[in-house]
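Have a look at the structure below, then the notes.
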Amino acid sequence: MTSQAIEVDLKSLLHQALQATGTGARWTTDADEMWCRLTCRSGVQRRQGWKLHVSATAASAPEVLVKALDVLLREEAAFKFVQSLEQVSALNSRATPRGSSGKFITVYPPSDGDAARIALALHKATAGLAGPRILSDQPYAPHSLVHYRYGAFVGRRRLSDQGLLVWFIEDPDGNPVEDKRTGQYSPPPWAVSPFPASVPLPPRQEKAARSRVVLGGRFSVREAIRHTNKGGVYRGTDVTTGAPVVIKEARPHVEGDAAGSDIRDWLRAEARTLEKLKGTGLAPEPLAMFETGGHLFLAQEEVPGVPLRTWVAERFRDVGSERYRADALDQVGRLIDLVAEAHAHGCVLRDFTPGNVMVRPDGELRLIDLELAVLKDDIMLPTKVGTPGFSAPERLADAPVSPTADYYSLGATVCFVLSGKVPNLLSEEPATRPAEQRFAEWLAACAGTLRLPDGLPEMILGLMKDDPGERWDLTRARAALRETDLARPRHPAAGPVRTDEPDDVTQMAVTGMVNHLVDSMTPADDRRLWPVSTLAGETDPCTVQQGAAGVLAVLTRYFELTGDPRLPDLLSTAGNWIAARTGTRSIRPGLHFGGRGIAWALYDAGRAIDDRTLTDHALALALAPLEPTPSHDITHGCAGSGLAAAHLWHRSGDPRLAELVVDAADRLAVAAQPEPSGVSWPVPAEAVSEEAGKRYLGFAHGTSGIGSFLLTAAAVSDRPEHLELAVAAGEHLVANAVTVGRAAQWPAQATDLPTAPYWCHGSAGIGSFLVRLWQRTGDERFGDLARGATHAVVERASRAPLAQCHGLAGNGDFLLDMADATGDPAYRAMADDLARLIVSERAHRDSHVVFSNEYGDVSTSWSDGSAGILAFLLRIRHTDSRHWTVQQPG
C-alpha cells in the first residue's frame, strides 16, 4: 500500500458508501473522538447478545471498511468503527490491553440468527485482507478478520464487591454477571453459539503454558513469564539438550504500519542482534527462530538471575539502605561497562532500561529484549517507540539513531539504581522550564535521603542533558566514577543550591493545585464532578477514594484555613451535586468506598459554609441502613463506617451516631480471630472470594486500620474490651514487624515478605496506628516500632510515587502525626523533605499545577491524585489535623 493510504479519511469512505447504496436515509450517525456510530432507524436494539468484531491494520483498514460497509449498510444491525488510521494503529499497538486490541469494527446484530448470517457475509467480504487476531473473541474461521463474543450491547455498570464500577450483563434469571473483557474467549455458560463450529486454532498461549506443548519441534513450554498484546514470553526447555530457554512470541499485525511491517520484524531484528553478539557474553545466545500458525517465535538461552528492576526492589528490601547504597554504587560501574561493550560491537541499544538488563547470580549484567537495538548497516525499524523516562527525548521524536541516546538511557538507569525511580515529569504548558532543569530540581530534592557521593549527581545530569551534543560520553562517565570517593557520602544537607525558598515553592504548588481543582470542576457532567484516572478501576463518582467527596473534603479544609472567596459557591455546588446522587434508603459500608465517608465530607462542607441543607442530608446519609457487608476494614467495611460515625458524632452530638460506633466495634469484636500473638480479621469468603482467608496487617484493609478505629470506639463507648482488642491488634503487629537496620517494615500478610512502606499495606499506615496506641497505652514497644516506621518511609522516599494511598503524601502525613505525637522536630523536618520531593515533580500548565499518578495520568482524586497530595501540603503550610482521622480526646 502506498504512503498516501495514511491520508485516507475513513469517514469520507462512509459518506461515499451511503451515497452509493442510497441508504443514507435509513441511518443515524454520531461520532466522538474515537468512534463513528451508525444506528438503523428501523433496527431492533438489544441490551446484550452475540456481537461481532472485525479487525484490520492501518494499511488494510480502508479496504476492510469499504467491504464491510457493503454488507452492513444493507442490514439493520447497529455498528461502529474507529474513525482514523492513527487510532487503528493505536488499537494494534503492543501497549494496548489484550481485551480490547484489534477491534476496528463492532457490530450489534438484532438476533442470534442475524449474527450468524452477518458474520458469514463479512467473512466472505474481507477474506484475504490483513488484520490481527482479536484475543477476547473467537475467530469465525481460521485467519478470518471476523470474530465474535457474547457481551453487552448497551453499557450498563454496577458496583462490584470491591466498590469498583464494572460492566455487566444478565443471566437468564435476570441476575447481574460481570461482562469481563479479558484477553481470552470465555462466553457465559448459558450463551449458545449460533456460529458454525470453528476449526481448531493454533495452541493458545495460556494452553501452551499449561500443557507443556513442544514448539518448533524442540522447545517444551514450562510457564508464561508474561502475556502482552504483541505476544507471550515463555520459559521452557530445549528437549535436545535439557538446557533452560526463553521463547518470545510475535503476533501478526501488531504494531503494523502502512508499509506492512509489524512486530514480527522487530523479533527478526532482535535475532540478528543476538547473532551479532553471539559468544560475547553480553546477551543471551540465540537458538532458533520458527513460525507456528503465523506467529513468529525466537528461542534463546535463559539468562539466570533477575531483571535489574527487580534487583533494586528486592535488594533494598532485604539489606536496608546502608548496604544497598554500596551495592548500587558497584552496579553503576557495571552499567557503564555494559553499554560501552555493546557500542564496541557496533550495537546501539535504543531501549536500555532496568527491565532490559539481567543481574546474574554472580552479579554480572546481561542485556535482554534487544528488539529495538540497531546494528551497523542493519534494516531500520521505527525509532519513536521507547520507554518514557528512560528514552532520550529525541528518540521519541524519530531522530536518527545515535549512541548519544544510549548515554541518556544509561544516566536514567543509573538514576533508577541509585534512587529507585526516574521521575515522571509531565509536560508543561507553556514549556518554560527545560526538562533537565526540572530533573535537576528533583535530584537535588533527593539529596537528603540518598546521600550520594560527590560527583554522582553531576554524572547523572551530564548523561541526561537535553541536548545530545552536550551529553557526557562513557569515557567521561567512567572517569567521574573513578574519581568519586565512594567512602565519603555527601552530607544529607548538601546539594545544588536551591533557587527558591522551599516554603515559597510549596505555596506556589498549593495555589496552582487549588486553581486546577476550581477550574476543572464540571457540575454539568452527570458522570464525574472532577476528572480522575480510571486505569486502576473506577468507583462510584461520589466516594472519598476516587470521587467527588475526596476533593470536596480537601477544598473545604482549604477554605477553612484561607477563606478563599471563590470556594463557598463551589463547595455548595459540589455538595449539592453529591447530595443529588446519594439516596438515604441504604448505603454501602466503608469510609473510602462507602456512604458514611461521603457523609463526612458533606457534613464538613455544609458546616464550613453554614448550609443546613447539606448537613441535614449528610446526617440522613450517615444514619441510613448499611447494605449487608462481611468486610471488616477501613476502606470497604465495618471499621470505616464506624470511624465516620465517630467523626460525625463529635461534630453533631447526635447520640444515634455514637450507637453506630459502638455497634461497629461490637461487630468487630465478634469477628476477631485469635492469633498466637494477638488478633486478626481474616477476609471473609463472601466479601471478596479470591481474597478469602487473607489476614492483612495494613491500614486500608487490615489489622492496623481496624485497631485504629477500635481506639476511637473505646473513647466513645468507654468500654475496656474495645481498648483491649485494639491492644491485641497492636501485639499482632509487634510480632510481625521486620527490622532492617533502623527501619521497621511489615509484610502485607504475616506469611509474606515485607512490602513497600505506604499507607495502604505498609509502614506508614501501620505506624499511624502504633503511634496512637503508644499515646493511649504508654507501651514503648509500640512507640519504638512507630519510630522505626519513620525510617522505612524516609529511606524509601526517593523511590516512592506521590499519592496518599501508595506514596509520599500518605507517608508525609504519618511523619506529621509523629511530630504531633512526640513533639520531636526531626519528624517535621522529615516531612518537609518529602514535601520538597513532591513539589519537585510538579508540572505547570498556565495557572494550574498538576502531578502525575502512578500510571502517568493527571487525576484529582484522594487516593492517587492531587486532592490527597494537596491535603498533605496544606498540613505542611498550616498546623492542622489529618484528614479521615478522629482526634484523640484530650
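If you read the sequence from its start, that first residue is 1, and numbering goes on from there. Note that this is a predicted model, so its numbers are computed, not measured.
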(request) Evaluate the criterion side-chain contact (heavy atoms from CB on, under 4.5 Å) for residue pair V359 and R315; output intermediate values, then yes/no. (result) CA-CA 12 Å; V359 183; R315 192 71 179 159; over 6 Å; no
(message) For a side-chain contact (heavy atoms from CB on, under 4.5 Å) check, start with the C-alpha distance between L282 and L338, then their side-chain angles and the critical distance, and finish with the verdict.
(response) CA-CA 7 Å; L282 288 173; L338 189 64; 3.8 Å; yes
(message) Apply side-chain contact (heavy atoms from CB on, under 4.5 Å) to residues E795 and Y324 and explain how you reach the verdict.
(response) CA-CA 11 Å; E795 288 179 356; Y324 177 78; over 6 Å; no
(message) What verdict does the side-chain contact (heavy atoms from CB on, under 4.5 Å) test give for M289 and L274, after you've listed the backbone C-alpha separation in whole Å, the side-chain angles of each residue and the deciding distance to 0.1 Å?
(response) CA-CA 12 Å; M289 175 167 275; L274 293 181; over 6 Å; no
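Taking the side chain as every heavy atom from C-beta outward, E314 and R317 approach each other to under 4.5 Å. Using a 4.5 Å heavy-atom threshold, the side chains of S136 and K103 count as touching.
Residue I247 holds its CD1 atom at 9.0 Å from CG of D238, rounded to the nearest 0.5 Å. One finds the CD atom of E341 at 11.0 Å from the CG atom of L474 (value rounded to the nearest 0.5 Å). For the atom pair NE2 of H253 and OG of S261, the computed distance is 12.0 Å after rounding to the nearest 0.5 Å.
Side chains of T387 and D351: a donor on one and an acceptor on the other come within 3.5 Å.
For A412 against G389, the heavy-atom pair with the smallest separation is CB-O, 3.5 Å. Smallest separation of non-hydrogen atoms from R251 and R264: O-CG, 4.2 Å. When all heavy atoms of P354 and F390 are compared, the pair lying nearest together is CD-CE2, 3.2 Å.
Remark: F439 engages W442 in a ring pair (Phe, Tyr, Trp, His ring centres under 6.0 Å) (not counting sequence neighbours). Partners of D337 according to the side chain to side chain donor-acceptor pair (under 3.5 Å) rule, which considers only residues two or more places apart in sequence or in another chain, are R478. In this view, K248 and E270, D369 satisfy the side chain to side chain donor-acceptor pair (under 3.5 Å) rule, not counting sequence neighbours. Take T280 and apply the side chain to side chain donor-acceptor pair (under 3.5 Å) test, not counting sequence neighbours, and it matches no residue.
Of the charged side-chain nitrogens involved, none lies within less than 4.0 Å of a carboxylate oxygen, so that R334 and D330 do not count as a salt-bridged pair. Using a cutoff of 4.0 Å between basic side-chain nitrogens and carboxylate oxygens, E255 and K230 are not scored as salt-bridged. A salt bridge between D467 and K465 is absent, with no side-chain N of the basic residue lying under 4.0 Å from a carboxylate O of the acidic one. Ionic pairing of E436 and R471 is not present here: no N-O contact between side-chain nitrogen and carboxylate oxygen is shorter than 4.0 angstrom. Salt-bridge formation is not detected for the pair D473/R476: no Lys NZ or Arg NE/NH1/NH2 atom is positioned less than 4.0 Å from an Asp or Glu carboxylate oxygen.
In the displayed structure, E86 atom CD is contacted under 6.0 Å by at most 12 heavy atoms of other residues, nucleotides or ligands.
Partner of S101 under the side-chain contact (heavy atoms from CB on, under 4.5 Å) criterion, chosen from V254, N229, I134, T228: N229.
Note on ring orientation: taking the six-membered ring where Trp is involved, the planes of Y234 and H227 are perpendicular (angle over 60°, cut-offs 30° and 60°).
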Side-chain donor-acceptor contacts of residues 303-312 below 3.5 Å, not counting sequence neighbours, with atom names and distances?
none

Under 3.5 Å donor-acceptor pairs involving side-chain atoms of residues 421-428, not counting sequence neighbours:
from : atom 1 : to   : atom 2 : distance (Å)
K421 : NZ     : A800 : O      : 2.7
K421 : NZ     : E841 : OE2    : 2.6
N424 : ND2    : S852 : OG     : 3.4
S427 : OG     : R845 : NH2    : 3.2
E428 : OE1    : R433 : NE     : 3.3
E428 : OE2    : R433 : NE     : 3.4
E428 : OE2    : R433 : NH2    : 2.7
E428 : OE2    : H844 : N      : 2.8

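Remark: R395 fails to qualify as a cation-pi partner of Y408 under the 6.0 Å distance and 45° angle criteria applied to the six-membered ring.
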